[in-house]
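Worksheet for the structure shown next.
Throughout, a chain's letter reflects where its sequence line sits, starting with A, and its residues are numbered from 1. What you are looking at is a predicted structure, and each value in this text was computed from that prediction instead of being measured.
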Number of protein chains: 2
Amino acid sequence: MDVQRLELLRELADRGSITAVALATHRTPSAVSQQLKVLEREAGLPLTQRHGRGLVLTDAGRALARSATDVAVSLAKATALWDEFRNNATGEVSLVTFPTAGQMLLPGVIKNLGPGLVLNCADEDPELSDFPALTAEYDIVLAHSMSGQLSWAGRGLTVVPLMTEPLDVGLPVGHPLADRAWVRPSDLIGETWIGVSDGYPFERILHAIEQEAGAHLSMAQRFADLALIESFVIAGLGIALVPRYTSSGGQPGRLVLKPLRGIESQRQIVALMRPDRAERLAVRTVLDALRAQALQVQHSHTVK
Amino acid sequence: MDVQRLELLRELADRGSITAVALATHRTPSAVSQQLKVLEREAGLPLTQRHGRGLVLTDAGRALARSATDVAVSLAKATALWDEFRNNATGEVSLVTFPTAGQMLLPGVIKNLGPGLVLNCADEDPELSDFPALTAEYDIVLAHSMSGQLSWAGRGLTVVPLMTEPLDVGLPVGHPLADRAWVRPSDLIGETWIGVSDGYPFERILHAIEQEAGAHLSMAQRFADLALIESFVIAGLGIALVPRYTSSGGQPGRLVLKPLRGIESQRQIVALMRPDRAERLAVRTVLDALRAQALQVQHSHTVK
DNA sequence: CACGTCCATGTAGCTAGTCTAAATAATTCA
DNA sequence: TGAATTATTTAGACTAGCTACATGGACGTG
């Protein structure tokens, strides 16, 4: 009963093809195939079965892969333990983020990391990418979900909440509502909206506003890039839901943010990880820094 | 970070010497020494240090060995899971017992085990042996402790309670107390006692009786073998504390058992195991059979 | 429908890691 | 001091697992 082989099975469960596993583990597909065959012979029952030109796991294979995760976790814990023993939170950690979270958190995090710990960051368009799938490639995946609703649960991934960010209504300077302390759904009847990317829980909140206000809202445009959206709002072409900490609201000459009362308008920013990777000391250190930075961002906004 | 090497470290923690580990793992001491050296180099800090002609683990070594146990447990769980998948509770399970528990439980257990599951039993004198140490050699160690007091805790072993057996006062037929339903400590003043082996919590209960009755008790003999003790009691040479389910009490012409009231007089029979071995499907199956048998023994005695 | 592509697997040979065997060093016990 | 016990070192053998290459289905496409 070899751990290496179990690990390969787990990778197969995550990546779906021998070739992908081989690529990820720096081996030839032949080597992977051979090892899985040995595992299957040891197990005494088929773990994979052909499906088209690829293959899929059998029920037994999936079950075994699941417990392989537990093995990987306890192994990672052992490694982390002795890294702690040596006070040695070094190594490389890879991270993907969607743009706004990266802009808000990463610079501060990287500044606060000790020497020997390198954080390799990348960004992915939240519209296009399947966040859970990215955990195969990256140690940490920054994702967001609507408040409460944990869309990431149930796949065996570790989810660490980092912060909740309010989504405010962005208005142009001089807008009739601009001198209010906050706005309510009913205030927003008749406005033209600039839609944001699918990555934000925009649709949900828009529908909630419609339901609350009892009227239909019209959407003029739909953009992914926040700066683009802001420029439209500033130009008076509509209003938009923008994340409070990431927008340029508050700066002179830019747009004005108003909290939305009466409905819950926020997004959860979380870190998604494979359970075993979450145990690595270096990863946990980065996670701590992320949480600290998130707290600081929130704090600096409430004080202001 | 190799599991095999971690396993070796764990064995070293359990067995205390390279030679013992080598013997247990069917290797030469040289191989073990080399592997541990590699592990130590990977770890980056000393895991062992010389002590006389042998060696002892450092703090780091012990810590690492502990987490190695977790790894072994999750691995054993994986193996068990797929054994369940195949409905395959087969293999060999080794067990040591002290004589009375073996006599009471093992015949029934072995009868009820399915084919393909072999249970290799041995017995050890409870006086001479260190029960926890036996878990290195045997999958299951049947041990006993005084009620409540879990003397086996804290060593990282899995403890599964099997039954609690009352310790009754054994009297010769025709003894003045023989027609009573039960006896109390004060009834026993002036009697001569036949001491049982240290394996039973004899001393404790004897002291409790003395304290309760407020008098000193005299002990005539001290034997380990229950049959021998019984023969002395039957011959009228004294009375003794005997385990209710194991003695021959109740059979015609033998001795008479009387429950002891006023103090707690019983022993706990438990199974001791290394955590990883406790996860094996075959071991769990044997354990289930042990519990069932224990229940049946208790039941057959309460009905009668 | 034949061709190129993609994916898994089989075969042969090489390499690296792990074992044994025997010698060495250090310590304890008699 | 000599015998016994224990860990370690070294050299050499063995073997598990890898790569390179070839094979054989399955899919899509001109």
Side-chain angles (χ1 to χ4, degrees), chain A residues 1-58 60-62 64-65 68 71-72 75 133 136-137, chain B residues 1-58 60-62 64-65 68 71-72 75 133 136-137:
Chain A
M1 171 64 139
D2 187 67
V3 180
Q4 301 253 64
R5 288 193 259 266
L6 275 179
E7 193 63 22
L8 286 178
L9 184 69
R10 194 169 71 95
E11 289 288 346
L12 183 61
D14 280 358
R15 299 181 191 270
S17 89
I18 298 263
T19 327
V21 175
L23 221 61
T25 59
H26 310 290
R27 270 182 271 235
T28 55
S30 175
V32 177
S33 179
Q34 287 173 55
Q35 291 309 308
L36 286 176
K37 196 143 293 284
V38 173
L39 185 65
E40 191 158 308
R41 201 158 44 74
E42 282 178 347
L45 41 82
L47 300 174
T48 62
Q49 87 191 49
R50 302 215 58 141
H51 182 257
R53 48 187 162 187
L55 42 72
V56 292
L57 290 177
T58 61
R62 255 188 305 278
L64 203 47
V71 176
L75 241 163
E137 284 310 314
Chain B
M1 170 66 138
D2 187 67
V3 181
Q4 300 254 65
R5 287 194 261 265
L6 274 180
E7 193 63 22
L8 249 37
L9 184 69
R10 193 169 71 95
E11 288 288 347
L12 183 61
D14 280 357
R15 300 180 192 269
S17 88
I18 298 263
T19 327
V21 175
L23 221 62
T25 59
H26 308 293
R27 271 182 269 234
T28 54
S30 172
V32 177
S33 179
Q34 287 175 60
Q35 291 309 308
L36 286 177
K37 197 143 292 285
V38 173
L39 186 65
E40 192 159 304
R41 199 158 45 74
E42 282 179 346
L45 42 82
L47 300 175
T48 62
Q49 82 190 54
R50 301 216 58 143
H51 181 257
R53 51 188 162 186
L55 42 72
V56 291
L57 291 178
T58 62
R62 255 189 304 278
L64 201 48
V71 176
L75 240 161
E137 283 311 313

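Closest to the B/Ala31 side chain, of the nucleotides C/dT9, D/dT9, C/dT20, is C/dT20. Across D/dA11, D/dT19, D/dA4, the shortest atom-to-atom separation from the side chain of B/Gln34 is found for D/dA11. The side chain of A/Arg27 sits closest to D/dC18 out of C/dT9, D/dC18, D/dT8. Minimum atom distance to the side chain of A/Ser30 is reached by D/dC21, of the listed C/dA21, D/dC21, D/dT8. When each of C/dC6, D/dT8, D/dT6 is scored by its nearest atom to the side-chain atoms of B/Leu55, the top-ranked nucleotide is D/dT8. Among the nucleotides C/dT9, D/dT8, D/dG17, the one closest to the side chain of A/Gln35 is D/dG17. Considering only side-chain atoms of A/Ser33, the nucleotide from C/dT9, D/dT6, D/dT8 that sits closest is C/dT9. For B/Thr28, taking side-chain heavy atoms from C-beta onward, the closest of the listed nucleotides C/dA8, C/dT5, C/dA21 is C/dA21.
The nearest whole Å value for the distance from the CD atom in B/Glu40 to the P atom in D/dT8 is 9 Å. When rounded to the nearest whole Å, the span between CZ of B/Arg15 and P of D/dT6 equals 15 Å. Rounded to an integer number of Å, the gap from B/Gln49 CD to C/dT27 C1' is 16 Å. In this structure, CD of B/Glu42 is placed 11 Å from P of C/dG17, rounded to the nearest angstrom. Residue B/Leu23 contributes atom CG, which lies 12 Å from atom P of D/dA7 at whole-angstrom precision. At whole-Å resolution of the value, CD1 in A/Ile18 and P in D/dC18 are 12 Å apart. Between B/Glu7 atom CD and C/dT18 atom C1' there is a gap of 17 Å when expressed in whole angstrom units. Rounded to whole angstrom, the span from the NE2 atom of B/His26 across to the C1' atom of C/dT18 amounts to 17 Å.
Judged by distance alone, the side chain of A/Arg62 and the main-chain N or O of A/Leu57 form a donor-acceptor pair under 3.5 Å. Between the B/Thr58 side chain and the B/Pro46 main chain, a donor and an acceptor come within less than 3.5 Å of each other. Side-chain atoms of A/Arg50 come within 3.5 Å of backbone N or O of A/Arg53 as a donor-acceptor pair. Although no hydrogens or angles enter the test, the distance criterion places no donor-acceptor pair under 3.5 Å between the side chain of B/Ser33 and the main chain of B/Pro29.
For A/Arg15 and A/Glu137, the salt-bridge test passes: some basic side-chain N is under 4.0 Å from an acidic carboxylate O.
Comparing A/Pro29 and A/Arg50 by the nucleotide of DNA chain D that holds the closest heavy atom to each, the one mapping nearer the 5' end is A/Pro29. When each of A/Leu8 and A/Gly52 is assigned the nucleotide of DNA chain D with its nearest heavy atom, A/Leu8 is the one assigned upstream, toward the 5' end.
Within the nucleic acid shown, B/His51 has no heavy atom closer than 4.0 Å to any nucleic acid atom.
Regarding contacts with the backbone of D/dG17, a side-chain N or O of A/Arg5 is found under 4.0 angstrom from either OP1 or OP2.
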